[in-house]
Structure formats: structure tokens, C-alpha cells
Trainee: 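Quick one: this structure, given as C-alpha cells, is what I'll be asking you about.
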Amino acid sequence: GYGLGLIPYSKFLIKNGINFLAVSTVEEALRLRKKGITVDILMLSSTSIKKEIELLIKNDIILSIGSKQSGDIANEIAKNLNKKVRVHLKIDTGFGRYGFSYNEKKEMVEAISLWDNLEIEGTFSHLSLAFYEKDKYSVQQFDRFIDCIEYLKENNIETGMLHICNSSA
């Protein structure tokens, strides 16, 4: 909804049956909560800033976890608040913005296995060239994503719903 107004567009979506929103920044997530938006909100960007993670958790924002560091911090805060925190894992399959690297699956499993206070309800990746028809790199990224999902499941890690973001820039 770029350029449509965060609050009016969110209210429009909710009025028309949408019960789950996603935002890019901490400020957007907190602004929605301050304006009375109560539906689920997923923070698409991962952060390792302790104060931001704490604010997101206290405002019941679903976190994206894209690194051991962000997961460790979120797990610690959740433990201190005696909460289970809902998260989505971000796997970097080649876009290079953020996320667990697809070729470090073992390290990803080792990190996730230590997070007792994080509840994985989704896993996603971001394809860099998906707008090109029959793009070989997008297929390769998708295959990497599926390989990671299979590896997580083989290691008894629930991946929740799966989603792919695509980019036009």
C-alpha cells in the first residue's frame, strides 16, 4: 500500500476482511497499534536492536528473525517477560538484504534449537528478480528456500506457513 496512507489503508483492509498486516519498520508497527489497530501485525524487517525488539514484543507485533543475534535477543526478552513470542524466520536465498543464509543451514538449526520462548509460525524468503518471467535465478532461489525448509523439518523444527516475497527493485 505504498503511498496510500498507513492508517486509512489499514483500516480499509480490515473493514474488508483482512485480519493480518505486514509492515517494514518498527515505527509503522507501533503507529498502527497506537491508532487502535488490533489485528496481527508482522514486522517484515529483522532487527537486533534490543529496545526495538522489546517495544515490538510489548506491543504484540510478530517478529521476523533473520539472524542468530536477533533470535537470541528476542528469546531473552521473551523469557524475561514470561511470554511466548510469535516469529517468522527469514531465509536469505540470494537477495542479500538480511536473513539466515541458505548455505548455513546447520548454524540456523543450532540457533533455533536454543529459542524456547520463540514460536515459529512462518518462514519466508525474498526473491530478487521474480518479476522476470521464467527467471532462472528466481527458480534457484526458490529451490534453495525449499531445501532449507526440508532441512529444518528433518531437524524437527516447525516452519509454519511458508511465504515468498518478490521484488521489483
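Excluded from the calculations below are hydrogen atoms, water molecules and symmetry mates; all remaining heavy atoms, backbone and side chain alike, are included. On a predicted model such as this, the values are computed, not experimentally measured, just so you know.
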Trainee: For Asn117 versus Ala78, what's the shortest heavy-atom pair and its separation?
Mentor: CB-CB, 3.6 Å
Trainee: Between Val87 and Glu119, does a side chain to side chain contact (heavy atoms under 4.5 Å, CB included) hold up when you go through it step by step?
Mentor: CA-CA 6 Å; Val87 303; Glu119 182 179 321; over 6 Å; no
Trainee: Could you check whether atom CZ of Phe20 has more than 12 heavy atoms from other residues, nucleotides or ligands sitting under 6.0 Å from it?
Mentor: yes
Trainee: Using a 3.5 Å distance criterion without hydrogens, assess whether the side chain of Lys15 forms a donor-acceptor pair with backbone atoms of Ser10.
Mentor: no
Trainee: Under 4.0 Å between a side-chain nitrogen and a carboxylate oxygen: does that hold for Lys58 and Glu54?
Mentor: yes
Trainee: Leu118 and Gly71: which non-hydrogen atoms are nearest, and at how many Å?
Mentor: CD1-O, 3.6 Å
Trainee: Between NZ of Lys136 and CG of Asp143, what distance do you get to the nearest 0.5 Å?
Mentor: 13.5 Å
Trainee: How close do Ala74 and Ile57 get, heavy atom to heavy atom, and via which atoms?
Mentor: O-CD1, 3.9 Å
Trainee: Just to verify, what does Asn103 make a side-chain contact (heavy atoms from CB on, under 4.5 Å) with, not counting sequence neighbours?
Mentor: Ser101
Trainee: Ignoring hydrogens and angles, tell me if any N or O in the side chain of Ser46 forms a donor-acceptor pair with the backbone of Ile65 under 3.5 Å.
Mentor: no
Trainee: Without swapping roles, check the side chain of Arg144 against the backbone of Tyr102 for a donor-acceptor pair under 3.5 Å.
Mentor: no
Trainee: Mind listing the closest non-hydrogen atom pair of Ile91 and Ser125 along with its distance?
Mentor: O-OG, 2.8 Å
Trainee: Mind checking whether Thr93 and Phe142 have side chains closer than 4.5 Å, heavy atoms only?
Mentor: no
Trainee: Report the residues that fulfil side-chain contact (heavy atoms from CB on, under 4.5 Å) with Leu13, sequence neighbours left out, ordered by chain and then residue number.
Mentor: Tyr9, Ile18, Leu21
Trainee: Enter the distance from Ile73:CD1 to Glu52:CD here, rounded to the nearest 0.5 Å.
Mentor: 10.5 Å
Trainee: How long is the span from the CG atom in Leu42 to the CD1 atom in Ile61, to the nearest 0.5 Å?
Mentor: 9.5 Å
Trainee: Any side-chain to backbone donor/acceptor pair from Thr123 onto Leu162? Under 3.5 Å, distance only.
Mentor: no
Trainee: Is there a continuous path of hydrophobic side-chain contacts, each under 4.5 Å between heavy atoms, that joins Ile49 to Val85?
Mentor: no
Trainee: Is any side-chain heavy atom of Ser45 less than 4.5 Å from a side-chain heavy atom of Thr25?
Mentor: no
Trainee: Is it the case that one hydrophobic cluster holds both Leu63 and Leu81, taking links as side-chain heavy atoms less than 4.5 Å apart, direct or via other members?
Mentor: yes
Trainee: Under 4.5 Å between any side-chain heavy atoms of Ile112 and Leu152, yes or no?
Mentor: yes
Trainee: Which residue pairs pass the side chain to side chain donor-acceptor pair (under 3.5 Å) test with at least one member in residues 152-162, sequence neighbours excluded?
Mentor: none
Trainee: Under the side-chain contact (heavy atoms from CB on, under 4.5 Å) rule, collect the residues that match up with Ser113, sequence neighbours excluded.
Mentor: none
Trainee: To check you understand the geometry: which heavy-atom pair defines the closest contact between Ile77 and Ile53, and what is its length?
Mentor: CD1-CG2, 3.8 Å
Trainee: Quick one: do Glu110 and Lys68 satisfy side chain to side chain contact (heavy atoms under 4.5 Å, CB included)? Show the steps, please.
Mentor: CA-CA 9 Å; Glu110 289 171 358; Lys68 179 184 183 317; over 6 Å; no
Trainee: Side-chain contact test, heavy atoms from C-beta onward, threshold under 4.5 Å: evaluate it for Leu114 versus Asn75 and give yes or no.
Mentor: no
Trainee: Looking at NE2 of His88 and CD1 of Ile120, how far apart are the two atoms once the value is rounded to the nearest 0.5 Å?
Mentor: 10.0 Å
Trainee: Could you pull out all residues at least two apart from Asp60 that satisfy side chain to side chain donor-acceptor pair (under 3.5 Å)?
Mentor: Lys83
Trainee: So, for Phe100 and Trp115, which heavy atoms are closest and what is the spacing to 0.1 Å?
Mentor: CZ-CH2, 3.6 Å
Trainee: Can you name the salt bridge (charged side-chain N to carboxylate O under 4.0 Å, His left out) partners of Lys50, sequence neighbours left out?
Mentor: Glu76
Trainee: Is the closest basic N to carboxylate O distance between Glu121 and Arg86 below 4.0 Å?
Mentor: yes
Trainee: Looking at Asn82, I want to see if its CG is surrounded by more than 12 non-hydrogen atoms of other residues, nucleotides or ligands under 6.0 Å.
Mentor: no
Trainee: Are Glu28 and Leu32 side-chain neighbours, meaning at least one heavy-atom pair lies under 4.5 Å?
Mentor: no
